[in-house]
Amino acid sequence: MADAPHARTPARPEELRAIEAVLMVVEEPVEPGLLAELLEVGPAKVEHLCSELAAAYQAEERGFVLVRVAGGYRFQTHPDLAPYVERLALRGQSARLSAAALETLAVVAYKQPVSRAQVAAIRGVEVDGVVRTLERRGYIEEVARDAGPGQAVLYGTSRHFLERLGLDSLDDLPPLGDFVPGPEEVELLENGLRSGE
Amino acid sequence: MADAPHARTPARPEELRAIEAVLMVVEEPVEPGLLAELLEVGPAKVEHLCSELAAAYQAEERGFVLVRVAGGYRFQTHPDLAPYVERLALRGQSARLSAAALETLAVVAYKQPVSRAQVAAIRGVEVDGVVRTLERRGYIEEVARDAGPGQAVLYGTSRHFLERLGLDSLDDLPPLGDFVPGPEEVELLENGLRSGE
Amino acid sequence: MVCAGPNRPLGILHQMPYEVSTPVFEGPLDLLLHLIVDEQVDLYEVSITSIVGAYLAHLEDLHHLELETATEFLLVAAVLVELKVRRLLPAPSAVDLDEEIELWSKRDVLLARLLECKTYKQAAQALEQLAFRAERSRPRTVGMEDRFACVMPDALAGVTAEQLRNALERALMPRPVPRVVLDHVTPVRASVRDAVAQLSDELPRLGQASFRRLTEGVVERLQIIVRFLAVLELYKDGLVELDQGVTFGELRVRWLGEDGGLVPQPSMLEAQVREGAAESVAEYQG
């Protein structure tokens, strides 16, 4: 990568750069209020800066646009380029569920309603990304809020999920019984016992 | 939002715009091969376009950068702006690895494919628990089986490991030779262990 | 694994400065490195009893004793004791040269292991730095926009409800996941070479023995197999003669080689250590 030209006069305002950075990583549209707080400037200034950025991206014919949607700002792909994005959607990275995603989906299906933290505790790993993916694919959805102080989102499986698995209702999920481990697990368990653990 | 100036000559190449659009919607670094397929251009062209974009973002002092990591390209926030991004308190902040886990990870990274027993021999302690942790957190994975009698699992580092360290490939790891203790330290150790005069 | 458990003051042993979660010594190599490099202690001025005492105290803090760790520690402590004894006692007039060389090679092995351990410790710090730096630049992982969701192929295609249940059972498996024992029986530790060395020590004394006798007291099937391979190896080299009356009958092994054994007889652990050290030394030079 080439270095920035050294005669960088005048430096680009930090506020604009900070907005670009924040917009790069947020999942949901960012409210101007939050941006104002992060940047320590007034909300009017934020609106002004965002319009300035949006206009510049348009003028520069970027492949992305900065839009105001659902009360906040976010980056989106330029409508012109939808064909490329569609092609990516078709043969992209998410054509199959990973083993981790399937396990997470299973936990939600059998233990619903369940919070992200509960799923994470069961699986022993952080599950935020996987939950988001499952939610975006419409297999799980928010079904309630925890009564506790955090009011954590509780997830359950969707109608779409039942349809995809060819199930009438959740009652049709294969019963767990007394948790009879499958053949591979039996082997693992036996070996584990033999090792005197 | 202001309108784009109408005298937009010449039009920005569609390939650059398409790359920008695709990078906006990928969840993982996108391999040059996939980009080439989407854009219907050769892989060399993709590499060239991506370097061009990356250099331009740097020169324009954008709040984001285009990096090559874990064998693909993705957008990331500019390191300068970490303070703003950190204030966002994003989900999925990664838990720190313990010193024991880091050392085990280092052995796996440099000696892969490597068995648990080999790691244990180097570290002088039993490493099963740490290896399990690293595996569950996605830093290492089973890459092969030893041909020997025990058919020991051989571990290597994962793509996630590269992503977390910001490396494009294992070749970018600093050479192990850099970490061999210097002559003074060797002497110190030798003296510490000297026998007789 | 000596990395859990509450921290207890270990007398002369301070906690490692960069230990993040569990500031305890992870094992004898850790401890030695700390003593020599950080504390700059002449080990011969430190009472080995206190090192052993501190280490035992630490082990007691753990809820269960890890045999491997304890053994490892014993090995290192034994080398230290031997080195110290050699240093303290006036050299006897008739020094056993073999013993002397043996001791030096043990020392070198320990040194090589310490160097290797230190190398990876420093590499670990470098990796941490890399991760730390990488964290300042956060990736965009927002993913596909909703309006393209209809285009995405169904990721559940081909997944059955049974597979889902199996996935749950995997997720519910008690952790730590039970593991297959054999892969922590190191191939190196049960190497055919070692078995050959042992057999060529035993057999000349026995003259002839049944395979059953040669594997007496060996409980691990893997080790029996390794011994069997070793017998075949000796047969190939013309050092033994094999005789089996009937199929599945007693296998008799008769020594043909010269007395005294032809192969050096390192203890299994030592051989393993030595191999490891040679490998690491080669790496440093490379």
Side-chain angles (χ1 to χ4, degrees), chain A residues 1-5 8 11-12 14 16-27 30 34 37-39 50-52 54-64 66-68 75-78 80-85 87-89 91-94 100 116 123-126 128-129 132-133, chain B residues 1-5 8 11-14 16-28 30-31 34-35 37-39 51-52 54-68 75-78 80-85 87-88 90-95 132-133 136-138:
Chain A
M1 287 176 205
D3 279 322
R8 41 156 126 162
R12 193 152 176 258
E14 174 140 322
L16 285 178
R17 306 182 66 223
I19 292 176
E20 284 183 328
V22 169
L23 287 177
M24 258 309 156
V25 291
V26 289
E27 301 279 333
V30 206
L34 177 56
E37 213 177 291
L38 291 172
L39 271 62
C50 285
S51 324
E52 187 184 329
Y57 295 148
Q58 287 277 1
E60 293 155 10
E61 300 184 72
R62 297 276 156 201
F64 49 83
L66 198 173
V67 294
R68 174 146 193 165
F75 278 136
Q76 270 181 206
T77 56
H78 195 292
D80 281 2
L81 304 160
Y84 296 98
V85 181
R87 240 185 269 177
L88 176 70
R91 67 180 96 166
Q93 300 156 336
S94 42
R116 255 202 302 260
R123 294 212 39 241
V125 283
E126 192 258 349
D128 291 3
R132 201 195 315 131
T133 305
Chain B
M1 287 176 206
D3 277 321
R8 42 154 123 162
R12 193 153 175 255
E14 174 139 323
L16 286 179
R17 304 183 65 226
I19 291 176
E20 285 182 327
V22 167
L23 288 178
M24 274 294 164
V25 296
V26 290
E27 281 174 57
E28 298 171 359
V30 57
E31 283 160 27
L34 179 56
L35 273 176
E37 211 181 296
L38 297 170
L39 270 63
S51 331
E52 188 183 329
Y57 295 148
Q58 286 275 2
E60 293 156 12
E61 299 184 73
R62 297 276 158 201
F64 49 83
V65 290
L66 198 173
V67 296
R68 174 146 190 160
F75 277 135
Q76 285 181 190
T77 57
H78 196 293
D80 281 3
L81 304 161
Y84 297 97
V85 177
R87 266 186 252 167
L88 271 175
L90 293 169
R91 294 188 252 139
Q93 293 273 14
S94 50
R132 210 150 43 213
T133 304
R136 194 164 328 126
R137 291 179 59 177

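Computation of the quantities below employed the complete heavy-atom set of this structure, encompassing side-chain atoms and omitting hydrogens, waters and symmetry-equivalent molecules. Residue numbering restarts at 1 for every chain, and letters A, B, ... go by the order of the sequence lines.
Across all their heavy atoms, Ala54(B) and Leu66(B) have their closest contact at CB-O, 3.6 Å. Minimum interatomic distance between Ala18(B) and Leu39(B) (heavy atoms only, all atoms of both residues): CB-CD1, 4.1 Å.
Within the 4.5 angstrom heavy-atom criterion, no atom of Ile19(A) approaches chain B. For Glu37(B), the parts lying near chain A are the backbone and the side chain together; criterion is any non-hydrogen pair under 4.5 Å.
Remark: of the listed residues Glu14(B), Glu20(B), Arg12(B), Arg12(B) is the sole one forming a side chain to side chain contact (heavy atoms under 4.5 Å, CB included) with Leu16(B).
Salt-bridge annotation for Glu60(A) and Arg62(B): present, with a side-chain N of the basic residue lying under 4.0 Å from a carboxylate O of the acidic one.
Among the candidates Arg17(A), Gln76(A), His78(A), the residue making the largest number of heavy-atom pairs closer than 4.5 Å to chain B is Arg17(A).
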